[in-house]
**Student:** 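One structure, pasted below without further comment.
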Amino acid sequence: MALTLDVADPQSIAAAAEHVRAGTGRLDVLVNNAGIGSDFGVAGVDPDFEAIQRALDTNFFGAYRVTIALLGFLRKSAHPRIVNVSSGMGGVAEMGGWSPGYRVSKAALNAMTRILSTELKDEGFLVNSACPGFVNTDMGGPMGATKSVQDGAAGIVWLATLADDGPTGGFFRDGEPAVF
Ligand SMILES: NC(=O)c1ccc[n+]([C@@H]2O[C@H](COP(=O)([O-])OP(=O)(O)OC[C@H]3O[C@@H](n4cnc5c(N)ncnc54)[C@H](OP(=O)(O)O)[C@@H]3O)[C@@H](O)[C@H]2O)c1
């Protein structure tokens with residue numbers, strides 16, 4: 001089943017959840033991949049607050065709202081998995097300058113990973129963040145990324161299909177720990 005979803009629009013999320021309810025009523029894997037780079041290269045000392053808001057609306061609130069809207073269906077799965085597609089640019093420990101909206105939105109997404117993984121651990125959920133690396137997509141291509149989409153997706157598919165004894169609450173790139 002494929003459906004239209006604008007993660008920045010709560011009404012669209014509610015409609016998508018209704019489609020799932022009317023369909024299988026169960027979800028095994030949620031990959032929060034939708035993301036925008038609304039302020040790449042913009043200086044933190046000269047911020048575009050509207051662009052920061054747009055980044056948060058899609059990259060953080062979008063993923064969070066979708067997750068909560070679909071949580072009941074994931075709870076019906078015997079092996080629920082959530083993968084939040086984040087970015088090394090959201091790692092707080094090695095946070096650099098520029099692109100404040102994108103960076104903060106991905107840092108917040110990583111925090112959401114930690115919060116939900118903790119609260120849902122006893123229910124068998126595995127919730128992790130993944131950085132795909134610098135991938136040649138519509139986002140990365142114009143900036144010179146050469147990593148293939150297949151290679152970027154591999155680490156996400158790995159987290160989406162973890163065995164029950166797999167990690168939760170982690171941040172990974174290409175199957176290896178990344179810096180939160
Ligand atoms: N490419 C990289 O080097 C790189 C590095 C680190 C992290 N990431 C992350 O990887 C993820 C995928 O990015 P990408 O490289 O594939 O970028 P992309 O080529 O620009 O694709 C972004 C995807 O997000 C969707 N999207 C954007 N806003 C949305 C919304 N409001 N509702 C639903 N879907 C929405 C787009 O759908 P439409 O096409 O329909 O608009 C598109 O499918 C993002 O979260 C990004 O931050 C990418």
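Below, each value reflects all heavy atoms present in this structure, side chains not excepted, and no hydrogens, waters or symmetry copies. When a ligand or atom number is given, it counts from 1 through the structure's own listing order.
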**Student:** Can an N or O of Val7 be found at a distance shorter than 3.5 Å from an N or O of ligand 1?
**Tutor:** yes
**Student:** Side chains of Asn32 and Val85: does their closest heavy-atom pair fall under 4.5 Å?
**Tutor:** no
**Student:** Backbone N or O of Gly97 within a donor-acceptor pair of the Arg103 side chain at under 3.5 Å?
**Tutor:** yes
**Student:** Return the residue, atom name and 0.1 Å-rounded distance of the protein heavy atom closest to atom 33 (C) of ligand 1.
**Tutor:** Leu5 O, 3.1 Å
**Student:** May I ask whether Ser86 places a heavy atom under 4.0 Å from ligand 1?
**Tutor:** yes
**Student:** Using non-hydrogen atoms of the residue, decide whether Lys147 is closer than 4.0 angstrom to ligand 1.
**Tutor:** no
**Student:** Identify the closest protein heavy atom to atom 31 (N) of ligand 1: which residue and atom is it, and at what distance?
**Tutor:** Asp6 OD1, 2.8 Å
**Student:** Mark up the atoms of ligand 1 that fall under 4.0 Å of a heavy atom belonging to Gly140, in ascending order.
**Tutor:** 1 (N)
**Student:** Identify, by atom number and element, the atoms of ligand 1 in contact range of Thr58, meaning under 4.0 Å from any of its heavy atoms.
**Tutor:** 28 (N), 31 (N)
**Student:** Between Trp98 and Phe40, is the ring pair (Phe, Tyr, Trp, His ring centres under 6.0 Å) condition met? List the steps.
**Tutor:** CA-CA 7 Å; Trp98 294 275; Phe40 283 139; over 10 Å; no
**Student:** May I ask you to check if ligand 1 and Gly133 share an N or O to N or O distance below 3.5 Å?
**Tutor:** yes
**Student:** For Ala145 and ligand 1, answer yes if some heavy atom of the residue is under 4.0 Å from a ligand atom, otherwise no.
**Tutor:** no
**Student:** Are the side chain of Asp164 and the backbone N or O of His79 linked by a donor-acceptor pair below 3.5 Å?
**Tutor:** no
**Student:** Is Glu123 atom CD crowded by more than 12 heavy atoms from other residues, nucleotides or ligands, each under 6.0 Å away?
**Tutor:** yes
**Student:** Any protein heavy atom under 4.0 Å from atom 45 (O) of ligand 1?
**Tutor:** yes
**Student:** Is the closest side-chain heavy-atom distance between Leu120 and Leu126 below 4.5 Å?
**Tutor:** no
**Student:** Looking at Ile36, which atoms of ligand 1 are within less than 4.0 Å of one of its heavy atoms?
**Tutor:** 27 (C), 28 (N)
**Student:** Measure from atom 8 (N) of ligand 1 to every heavy atom in Pro132, Cys131, Gly141 and give the option owning the shortest one.
**Tutor:** Pro132
**Student:** Which one of Glu119, Arg75, Arg81 satisfies the side-chain contact (heavy atoms from CB on, under 4.5 Å) criterion with Phe125?
**Tutor:** Arg75
**Student:** May I ask which of Asn33, Val149, Asn32 has a heavy atom nearer to atom 11 (C) of ligand 1 than the others do?
**Tutor:** Asn33
**Student:** Backbone N or O of Val42 within a donor-acceptor pair of the Asp39 side chain at under 3.5 Å?
**Tutor:** no
**Student:** Nearest protein heavy atom to atom 47 (O) of ligand 1, by residue and atom, and its distance?
**Tutor:** Tyr102 OH, 2.6 Å
**Student:** Between Lys147 and Asp174, does any side-chain N to carboxylate O distance fall below 4.0 Å?
**Tutor:** yes
**Student:** Determine whether a donor-acceptor pair (N or O, by modelled atom type, separation under 3.5 Å) exists between the side chain of Asn110 and the backbone of Phe180.
**Tutor:** no
**Student:** Provide, to 0.1 Å, the distance between atom 26 (N) of ligand 1 and the closest protein heavy atom, together with that atom's residue and name.
**Tutor:** Ala34 CB, 3.8 Å
**Student:** Nearest protein heavy atom to atom 22 (C) of ligand 1, by residue and atom, and its distance?
**Tutor:** Gly35 O, 3.6 Å
**Student:** Output yes when the distance from some N or O of ligand 1 to some N or O of Val135 is under 3.5 Å, and no in every other case.
**Tutor:** yes
**Student:** Look at atom 38 (P) of ligand 1 and say whether a protein heavy atom is found at less than 4.0 angstrom from it.
**Tutor:** no
**Student:** Consider only side-chain heavy atoms of I, L, V, M, F, W and Y, link residues closer than 4.5 Å, and tell whether Val127 and Leu109 are in one cluster.
**Tutor:** yes
**Student:** Does the protein place any heavy atom closer than 4.0 Å to atom 15 (O) of ligand 1?
**Tutor:** yes
**Student:** Give the residue, atom name and distance (to 0.1 Å) of the protein heavy atom nearest atom 17 (O) of ligand 1.
**Tutor:** Met139 CB, 3.3 Å
**Student:** To the nearest 0.5 Å, what is the distance between OG (Ser105) and CG (Leu56)?
**Tutor:** 6.0 Å
**Student:** In ligand 1, which numbered atoms sit nearer than 4.0 Å to a non-hydrogen atom of Lys106?
**Tutor:** 44 (C), 45 (O), 46 (C), 47 (O)
**Student:** Near Phe134, which atoms of ligand 1 are under 4.0 Å from a heavy atom of that residue?
**Tutor:** 3 (O)
**Student:** Which class fits the ring pair Phe172 and Trp158: parallel under 30°, tilted 30 to 60°, perpendicular over 60°?
**Tutor:** perpendicular
**Student:** Going by heavy atoms in the side chains, are Phe171 and Arg114 under 4.5 Å from each other?
**Tutor:** no
**Student:** Looking at every non-hydrogen atom in both residues, tell me the closest pair between Gly25 and Lys76 and how far apart they are.
**Tutor:** O-CG, 3.8 Å
**Student:** Nearest protein heavy atom to atom 41 (O) of ligand 1: under 4.0 Å?
**Tutor:** no
**Student:** Tell me, which protein residue and heavy-atom name are nearest atom 10 (O) of ligand 1, and how many Å apart are they?
**Tutor:** Val85 CG1, 3.3 Å
**Student:** Atom 3 (O) of ligand 1: protein heavy atom closer than 4.0 Å?
**Tutor:** yes
